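Reviewing the structure listed below.
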Amino acid sequence: MSFIKLKNVSKFYYNKKTISTGFSRISLDIDMGEFVVFTGESGSGKSTLLNVISGLDSYEEGEMYINGEETSHYTEVDYENYRRKYIGNIFQNFNLVNSYTVYQNIELVLLLNGYKRRECREKVLEVIKTVGLTKYKNTKASKLSGGQKQRVAIARALAKDTPVIVADEPTGNLDVKSAKSIMKLLKDISKEKLVVIVTHNYEQVEEYATRKISMNDGHIIEDKKIDSYEPVEPKLVKYEDLTWFNKIRLGMRNSFNIKTKFVLLFFVYFFLTFLVFSEYSGLSKMTYEEALEGYNDYFREQDPERVILTKKDKSVFTEEEVKSLENVENVKRVEKEDLLLDSWGSVYNDSIFFQGKFRSWRELDRVDMGRKPENDDEVVVTEGIFSYYVDTYGEEIFKKVYDIDSLGKVKISGIKILKEEEYTNFDDTVIYVSDAIMEKIKISLNVNYNKLSLKMNNKTYKNDGYDMYFTLKSNANVPDGKAFVPSNFNMYCSYYQCLNKKIEVGVQNLYYEDSIPLTVRKVFNKDNFKNVTGLTNYEQDSNTIFISENDYKNLFLKGNYQVSVFIDDLKIGDSTVEQIRAMGFETFYIKDSLANPSKEAMGILRIFRNVVFIIATVALFFISYFIIKIILKSRNVYFSTIRILGSTKKISKQLLNIELFVDINIAYLVFLALVLFATSGVVNMEYINDLVTYFTLKDYVAVYVILILMSMLISNRYAKKLFKDSAMNTYREEV
Ligand code: ADP
Ligand code: MG
């Protein structure tokens with residue numbers, strides 16, 4: 001049985017309008033061990049026939065058998081396998097990778113067939129010796145003469161050690177002397193192999209040929225036996241896929257070994273990185289700035305740095321937990337008395353009235369009039385830009401006595417006049433107080449965050465202003481377990497008399513419910529108010545139930561169920577909040593709760609911005625693809641060469657992927673280095689600095705992922721184009 005058998009095989013070329021014939025209705029049997037020479041004029045169909053035989057091209061009619069197997073149903077993958085198993089090609093124009101050394105060119109074919117690096121070395125050196133190029137093993141192919149190049153090509157076919165060697169005009173580009181030695185070399189390696197050679201110079205091979213086939217106009221006109229030959233069994237070569245290690249090696253080699261290509265790609269990727277950064281930076285900057293604008297009605301303290309925390313189980317924060325929060329990176333401080341941050345009150349007398357958030361003296365940075373406070377009963381107040389009281393009363397302000405809510409009497413020691421930028425809204429005014437007053441505020445404040453209820457005469461009243469209205473205060477005159485109630489509550493008690501009756505006060509808030517049984521010790525009215533409570537302003541407390549300080553603390557000061565954390569660097573605030581969340585706390589980031597005055601408009605703007613970002617990214621992709629395609633044009637020869645040498649589509653794509661991946665990573669790293677230099681002030685690059693102001697780690701990763709995806713899409717597209725045609729057509733287009 002012959003190894004290759006053709007039965008009425010025809011090959012046509014379909015161009016846009018015309019169909020031309022490569023060869024038609026050829027029947028032929030070729031045996032292992034033969035040295036077949038095809039000869040004939042140019043255009044007679046020799047190359048076409050050779051390409052069909054070596055599986056580089058398909059045929060249209062008839063049937064070709066390989067080792068007895070029909071091939072008309074062969075897919076591209078079947079042909080790939082056939083070529084890898086059986087065929088070693090030698091071309092007229094050598095088909096070497098010019099940027100590789102002699103060694104690398106030969107190694108390439110072995111690597112593509114799954115050899116390990118170690119296995120390659122000996123074999124490569126051996127075949128280099130066989131073709132007499134040991135001296136040139138580290139010379140780049142581009143520096144070799146034509147004869148030497150063809151020797152490399154032969155060495156390559158030799159290394160692959162396939163049973164069939166196919167050579168199309170191997171001496172066509174060589175001088176007579178080189179041609180002679182190449183032919184001799186081919187004869188030497190033809191033992192135990194089938195050699196098929198195309199030449200229009202038959203005399204050169206006459207002495208080696210065992211068979212001469214002459215062609216004319218796509219037909220065989222002569223098929224003559226010249227010499228006898230020894231039939232041999234086809235010896236199959238081992239072939240596997242390129243190993244991953246070698247893929248990476250080759251990909252890296254390809255990244256660097258053509259310097260101009262490397263530099264060009266580097267610049268394209270560098271600018272791509274830069275542009276994606278710029279775009280992305282614009283986007284994150286806008287998002288960031290937008291989040292800081294706005295207003296929220298629920299919290300007085302609307303510092304965007306503030307994050308309110310609660311525990312998942314709604315329990316009290318322990319000291320350890322507060323410590324662990326203080327240790328979180330980018331946390332400036334932890335405010336345990338979270339509710340105090342939102343406290344609000346006033347300092348007033350008959351004619352003067354200041355109000356603001358209560359803050360500790362320690363937070364006071366300056367006074368613009370008067371002096372800093374010295375005694376516990378001194379406070380500093382703030383005035384906005386319209387300083388009515390300051391203008392009207394001047395220094396008089398410091399001489400008067402004021403009420404501070406219903407907490408006691410204070411003096412004003414100084415005034416801080418808020419500058420325009422310090423006074424953006426009503427909530428920016430502050431009353432700076434001593435720790436002693438702060439403690440009182442803290443105690444009184446809690447009641448506002450609770451729903452109170454009152455049980456009198458076996459009936460429970462909700463304190464909703466509908467059932468009833470009252471407040472609860474502590475008073476030093478009240479003994480534990482007792483209560484002072486206003487006389488207007490008598491109507492709820494049996495026999496309209498509350499004195500000595502049992503009542504029960506209930507509290508309920510987000511975190512707990514509690515109640516306390518009390519006996520009414522005193523009932524007060526306008527007349528005995530001062531006597532009973534020691535306070536002066538009856539009007540303010542006509543609905544107040546006074547209990548002892550201890551009872552009050554037991555009801556309300558159970559610990560901090562809520563704390564606030566202040567973020568140091570807002571730009572990376574989101575990731576800090578993420579981190580705190582991961583520690584198991586519930587978070588409420590004030591920045592995220594601020595309502596923007598024109599939320600709708602902002603929403604539309606945001607969508608618009610994202611669309612612009614996507615469009616710009618897609619545009620960038622196509623622009624860079626276009627440029628990279630031009631740069632990669634020089635790689636077409638390489639990829640069609642490795643395809644002919646046995647690389648599959650998948651592997652070629654992976655190799656290109658690695659090649660581009662290396663480039664893009666270098667570009668990205670160089671860019672990061674630049675960013676590092678700019679942000680650390682080693683070099684002065686304002687623009688770069690601004691670019692990354694709002695970047696968090698997440699953003700760097702996002703840009704990186706975008707770049708890698710782009711690069712993969714580019715190599716996918718490229719590989720698709722490269723492989724859409726048969727190996728030979730692709731190669732022909734390139735050479
Ligand atoms: P040879 O190798 O003997 O010089 P070829 O096999 O290259 O001849 O060409 C045989 C015929 O096929 C010629 O008529 C040539 O014009 C045609 N041919 C070869 N390649 C193509 C192609 N890619 N497209 C169209 N026609 C082709
Ligand atoms: Mg030809």
Side-chain angles (χ1 to χ4, degrees), residues 4 6-28 30 35-62 64 71 76 79 83 87-96 146 149-150 153-154 157 164-174 178-179 182-183 186 194-206 209 211-224 636-637 639-641 643-644 721-735:
I4 296 170
L6 276 73
K7 230 166 113 184
N8 292 323
V9 175
S10 303
K11 164 79 191 168
F12 307 110
Y13 288 106
Y14 300 92
N15 285 345
K16 275 173 200 117
K17 288 213 178 87
T18 57
I19 303 175
S20 51
T21 310
F23 58 84
S24 73
R25 304 183 66 77
I26 283 191
S27 296
L28 190 64
I30 303 178
F35 193 114
V36 186
V37 178
F38 283 92
T39 183
E41 276 167 27
S42 177
S44 57
K46 308 181 296 289
S47 296
T48 309
L49 183 57
L50 208 62
N51 291 338
V52 167
I53 287 173
S54 50
L56 285 170
D57 237 342
S58 53
Y59 56 93
E60 273 73 36
E61 263 180 24
M64 176 167 80
T71 62
E76 186 56 41
Y79 275 122
R83 288 205 303 274
I87 308 292
N89 284 99
I90 297 166
F91 295 90
Q92 180 174 0
N93 44 26
F94 325 123
N95 211 344
L96 300 180
K149 282 183 183 172
Q150 200 57 294
I154 290 171
V164 183
I165 303 271
V166 174
D168 190 352
E169 310 261 13
T171 58
N173 285 342
L174 304 182
S178 310
I182 290 295
M183 279 306 174
L186 278 173
L194 163 62
V195 176
V196 184
I197 290 187
V198 162
T199 180
H200 56 261
N201 188 354
Y202 178 67
E203 291 77 57
Q204 252 177 14
V205 273
E206 200 166 16
R211 184 171 170 188
K212 176 190 180 190
I213 299 174
S214 306
M215 291 184 70
N216 187 19
D217 199 17
H219 296 283
I220 293 176
I221 51 167
E222 185 195 20
D223 188 346
K224 199 164 98 190
N636 288 0
V637 176
F639 282 103
S640 50
T641 299
R643 190 177 173 194
I644 286 168
K721 291 222 161 123
L722 198 66
F723 278 83
K724 80 174 185 275
D725 212 343
S726 72
M728 208 49 222
N729 278 344
T730 313
Y731 184 72
R732 244 191 309 259
E733 266 171 35
E734 302 312 330
V735 179

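Small disclaimer: the values here were computed from a predicted structure and weren't measured. We count ligands from 1, going down the list as the structure has it; atoms in each ligand are counted the same way.
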Q. Any non-hydrogen atom of L49 lying under 4.0 Å from ligand 1?
A. no
Q) Looking only at heavy atoms of G43, does any of them come nearer than 4.0 Å to an atom of ligand 1? A)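 Yes, G43 has heavy atoms under 4.0 Å from ligand 1.
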Output the list of atoms in ligand 1 that are nearer than 4.0 Å to some heavy atom of [X], sorted by atom number.
X	result
S42	4 (O)
S20	25 (C), 26 (N)
T48	5 (P), 6 (O), 9 (O), 10 (C)
S44	1 (P), 3 (O), 8 (O)

Q. Is there an N/O/S atom in S47 that lies less than 2.8 Å from the Mg ion (ligand 2)?
A. yes
Q: Decide yes or no on side-chain contact (heavy atoms from CB on, under 4.5 Å) for I26 and K11, but give the supporting numbers first.
A: CA-CA 9 Å; I26 283 191; K11 164 79 191 168; over 6 Å; no
Q: Dump the intermediate steps for side-chain contact (heavy atoms from CB on, under 4.5 Å) on L194 and V36, then the final yes or no.
A: CA-CA 8 Å; L194 163 62; V36 186; 4.3 Å; yes
Ligand 1 contact on [X] by region, counting heavy-atom pairs under 4.0 Å:
X	answer
N15	side chain
S47	both
E41	backbone

Q.
Is it true that Y202 and S214 share a donor-acceptor pair across their side chains at a distance under 3.5 Å?
A.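 No.
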Q) Going by atom types only, do T199 and Q204 share a side-chain donor-acceptor pair under 3.5 Å? A)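 Note: T199 and Q204 side chains miss the donor-acceptor criterion.
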Q: May I have the step-by-step check of side-chain contact (heavy atoms from CB on, under 4.5 Å) for L174 and F94, ending in yes or no?
A: CA-CA 11 Å; L174 304 182; F94 325 123; 4.1 Å; yes
Q: Look at the side chain of K46 and the backbone N and O of E41, then say whether any donor-acceptor pair between them is shorter than 3.5 Å.
A: yes
Q: Give the intermediate values and the outcome of side-chain contact (heavy atoms from CB on, under 4.5 Å) for residues F91 and T641.
A: CA-CA 11 Å; F91 295 90; T641 299; over 6 Å; no
